[in-house]
Amino acid sequence: MNDSGCIHLNNFKAAKGTNPYKIVHAFFVSCTSFEARRYKATSCLCFACGQPGPRMHSCLHCIYFACYAGHIQEHAKTKKHFLYVDLSYGNVYCTQCQDYIYDREFNEIARSHRLKEAKSLGMGVPFMSWLPNTNEALALRRLRKRRLISPHTTIGLRGLQNLGSTCFMNCIVQTLIHTPLLRDYFLGERHKCKAQGSGKCLVCEVSKLFQEFYSGAKTPLTLHRLLHLIWTHARHLAGYEQQDAHEFFIATLDVLHRHCMNGVEDSERKENDRCNCIIDQIFTGGLQSDVVCTACSGVSTTIDPFWDISLDVAGPGSLQACLERFTRAEHLGSAAKIKCSKCRVYRESTKQLTLETLPIVASFHLKRFEHSSQIDRKISAFVSFPAELDMTPFMSSHRRAVDVGVDNNNAPEAIFEDNRYSLFAVVNHLGSLDAGHYTAYVRQMKGSWFKCDDHMITRASLREVLDSEGYLLFYHKTVLDYECDLS
Amino acid sequence: MNTIISELSMNDLNNKFFEIMQSESNAEEAANFIFDSIFDDVTVGFLFEFHHGLKTGLTDLIEGEKEDDDVYKIVNTPECDVFGFSIMKKTPDSNCSCPNCDRPVSATRFAPHLEKCMGMGRNSSRIASRRIASNSREPTSYAGLLSDDEDDADWAGGSLQNDRRKRRIKNNNNRKPNKLHNGNNRNNNGNQNADADGGATYETMTANEKKNLLLQICGVVSEHTKKLCTRSTRCPQHTEEQRRALRTSVLEPSTPEGAGAAGDEAGSPPDSSPSSSCSSSSRKRDRHRAPPKIKNKRERISPNSRE
């Protein structure tokens, strides 16, 4: 990759270093402070014509701003100042090469300033396109062949051998493999592991699985090592006969979450702070519980992490209705009095659950299996679920605003929040309580759905997916915020 | 020329801004100006990105050469899956190496094998309590115990395979009702098998019989099935130490005692802890702290996933 500027720029850097660029960039391209913004607002006018454009540039040799309508060129020619900086994007023009030139060192300065600018404005991290480093560029040059994921090929699809009633595992693995952000993480080889090669790390095993799915091979995979690892580390799973896909999903996340720590140095671990492993980044949300005393109206609030939401299916006919009921305030009654911290006596109270923070992947578990002392049964009631879901109504902030009667569309926080989710996987349980089978629908890419029945992968339509019964529903956040990694 | 001409303060700027914005035509002009500036900026942004990719060679690096993907094309016929395999045909079974015991195991029977191999499953708590019981009361009696081989049909290969397959069918018939009911009769499981199959136990043998038998077979008693291993004296499933320990305890003349007590303990209900209702929030809190609690609750909500 040719990003080492030009001979003229290199001569300039040898004589004056990178400081002139740093100053121009920090003050007039990406304003890294309030001071800088003031300078830019008050002084960025063309020194020749007094206009704010078109396309302001700054001379790199001296303090001189001018527009691109002839004045910056004129300055360069008369002063023999060959390099000037575009003030919108920070790119350098070389009049001797007669072109914009790109320099890696300058580019890195520009990126760090863009981060600082966003931070000083209290904004999220801006999008910056990926740039390969030297090693990555070498690898890209050496390995020219590119494998593309298209809706017309089987790349990314793989059947899974049934190991003797292990359809519960196959469905969960298909779901994890088709979780967009998890795919990006593993195909980007982001898991660095101290236990690498030992065969003891489940995250490494999943990493290998991703390679298998995208290898182009067509024969079904045998997940015997994965099953062994999960059973070894989640002993509470009482053998394969009792297995439920939901239970297996939670246990798998738990083992993955614990094994993610294999790659983290002890000194890097945050104390008291929330775990930042990829599993928690993707799957963990915060469930807020508000208990309100009926006597004094005192509120006791707790927030607990969650990986999935279990919903009662008896009654409501849609996922939204289930969620509405899940987040409704519930009177706890006289039989379940709770000690109020204000009144200091046991009082009747109401309890309300809301979503304080949303995970990137929202997993819903429809409680279709009812076990009571009298009867064990499967509830096959139809529950419709949408392809696109807005979670805003179930957020703590929204509920609070509704309760006090505020029009939430005008609340400042609502302007920036985008809580839309799209469906990407559905696990179904077919059959009865005693004898059943699991299958999964997964979305390979937008509009491209497949049915995974152990080793058998067949095309499916979105209609077919939405008409299925639904046991576990997986939604992925549509718009992702960038998180800053300043390390 | 080398001085900044505009020396307005922020206050001046603000005042001037409001003054100008008083006029409606100015406001409209300003709006148009801002829109044009943003539009120009975005356009130039695209051009820069494109120019950067071409000039630095990044575009070429990233795009590379597209792989010929004809071989990966999805097959679109109703009688095949996406890979072109017939949906009617079963996939050929393959062997995999068990990560626990390193033996080759038929893939389609791997899960039941692993459950047994790891000493897990419904019986694990029973096995554990037996182990405790047998450890505390030495020497142990092996009354009512059968060959461990009965259940080992999932070993791939071996000369006894046909014979074992027949026995396995018999065993499955015995076990099925227990699986479905989750009920109390599972406690009798071991005895049921013993009655059905009859068979050798150390208890009923004379010292000489024991001695002769242990010259021929491994004889280690499985902690899952409580049966003797009838493989050769060098069977790889058990260690020399296990064999030695067994021979020491079986061949030494001592009075067997506590057999009934051990049985009683094993017969206690597998899981009699009260199960609370499954509120979503409380379960989540459990998750990091107490896995066994989850188990208790989950056991109730788990459907049987058998095919």
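Below, read A as the first sequence line, B as the second, and so on, with proteins coming before strands; counting in each chain starts at 1.
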Can A:Q161 and B:S94 be said to form a side chain to side chain contact (heavy atoms under 4.5 Å, CB included), step by step?
-> CA-CA 9 Å; A:Q161 178 78 260; B:S94 55; 4.3 Å; yes
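- Closest heavy-atom contact between A:S88 and B:D41: OG-OD1, 2.9 Å.
- With chain A as the partner, the residue from B:C96, B:P99, B:S37 showing the most heavy-atom pairs under 4.5 Å is B:P99.
- Sparse packing is recorded around CD of B:E29, with 12 or fewer heavy atoms of other residues, nucleotides or ligands lying under 6.0 Å away.
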For the pair B:K55 and A:Y100, evaluate side chain to side chain contact (heavy atoms under 4.5 Å, CB included) and give the outcome as yes or no after the intermediate values.
-> CA-CA 9 Å; B:K55 178 139 183 147; A:Y100 283 95; over 6 Å; no
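- Using a 4.5 Å cut-off between heavy atoms, A:Y89 contacts chain B through its side chain alone, with no backbone atom that close.
- Using a 4.5 Å cut-off between heavy atoms, A:D86 contacts chain B through its side chain alone, with no backbone atom that close.
- Side-chain atoms of B:R109 do not come within 3.5 Å of backbone N or O of A:G164 as any donor-acceptor pair.
- With a threshold of 4.5 angstrom between heavy atoms, B:E63 approaches chain A through N, CA, C or O but not through any side-chain atom.
- Within the 4.5 angstrom heavy-atom criterion, no atom of B:T77 approaches chain A.
- Here B:T108 contributes atom OG1 and A:D454 contributes atom CG; the two are 11.5 Å apart, rounded to the nearest 0.5 Å.
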Trace of the side chain to side chain contact (heavy atoms under 4.5 Å, CB included) decision for A:R147 with B:Y72 | CA-CA 11 Å; A:R147 173 159 295 173; B:Y72 306 125; 3.0 Å; yes
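- Between B:D69 and A:T153, the side chains place no donor N or O within less than 3.5 Å of an acceptor N or O (distance only, hydrogens not considered).
- Ion pairing of B:E65 with A:K145 is present here, as a side-chain N (NZ or NE/NH1/NH2) and a carboxylate O approach within less than 4.0 Å.
- Distance check, rounded to the nearest 0.5 Å: CG of B:L58 to CG of A:L140 gives 8.5 Å.
- Only the backbone of B:S97 comes within contact range of chain A, judged by heavy atoms closer than 4.5 Å.
- For B:V75, no part lies near chain A; criterion is any non-hydrogen pair under 4.5 Å.
- No part of A:P54 comes within reach of chain B, as not one of its non-hydrogen atoms sits under 4.5 angstrom from that chain.
- Atoms CG and CG, on B:D81 and A:D453 in that order, are 10.5 Å from each other to the nearest 0.5 Å.
- In this structure, a donor-acceptor pair under 3.5 Å is present between the side chains of A:Y102 and B:H51.
- In this structure, chain B has a heavy atom under 4.5 Å from the side chain of A:T222, while its backbone stays farther away.
- Counting heavy-atom pairs closer than 4.5 Å to chain B, the top residue among A:N91, A:L131, A:L148 is A:N91.
- Looking at A:R55, the atoms closer than 4.5 Å to chain B (heavy atoms on both sides) all sit in the side chain, from C-beta outward.
- Contact count against chain B (heavy-atom pairs under 4.5 Å) is highest for A:T154 among A:L430, A:T219, A:T154.
- Between the NE2 atom in B:H52 and the CD1 atom in A:I101 there is a gap of 12.0 Å [rounded to 0.5 Å].
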Might you work through the side chain to side chain contact (heavy atoms under 4.5 Å, CB included) test for B:L114 and A:H224, ending with a clear yes or no?
-> CA-CA 9 Å; B:L114 183 64; A:H224 58 292; over 6 Å; no
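- Taking A:L163, A:N2, A:I155 one by one and counting their heavy-atom pairs under 4.5 Å with chain B, the maximum is reached by A:L163.
- Note: B:T56 leads B:T56, B:V44, B:N76, B:D68 in heavy-atom pairs under 4.5 Å with chain A.
- Scanning all heavy atoms of the two residues, the minimum distance from A:P52 to B:F33 falls at CG-CZ, 3.8 Å.
- The parts of B:D60 that come within reach of chain A are both its backbone and its side chain, each placing non-hydrogen atoms under 4.5 angstrom from that chain.
- Put simply, CE on A:M456 and CZ on B:F85 are 10.0 Å apart, with the number rounded to the nearest 0.5 Å.
- If you take CZ on B:F110 and NE2 on A:H228, they are separated by 7.0 Å, rounding to the nearest 0.5 Å.
- Neither the backbone nor the side chain of A:L143 comes within contact range of chain B, judged by heavy atoms closer than 4.5 Å.
- The side-chain heavy atoms of B:F83 and A:T458, taken from C-beta on, include no pair separated by under 4.5 Å.
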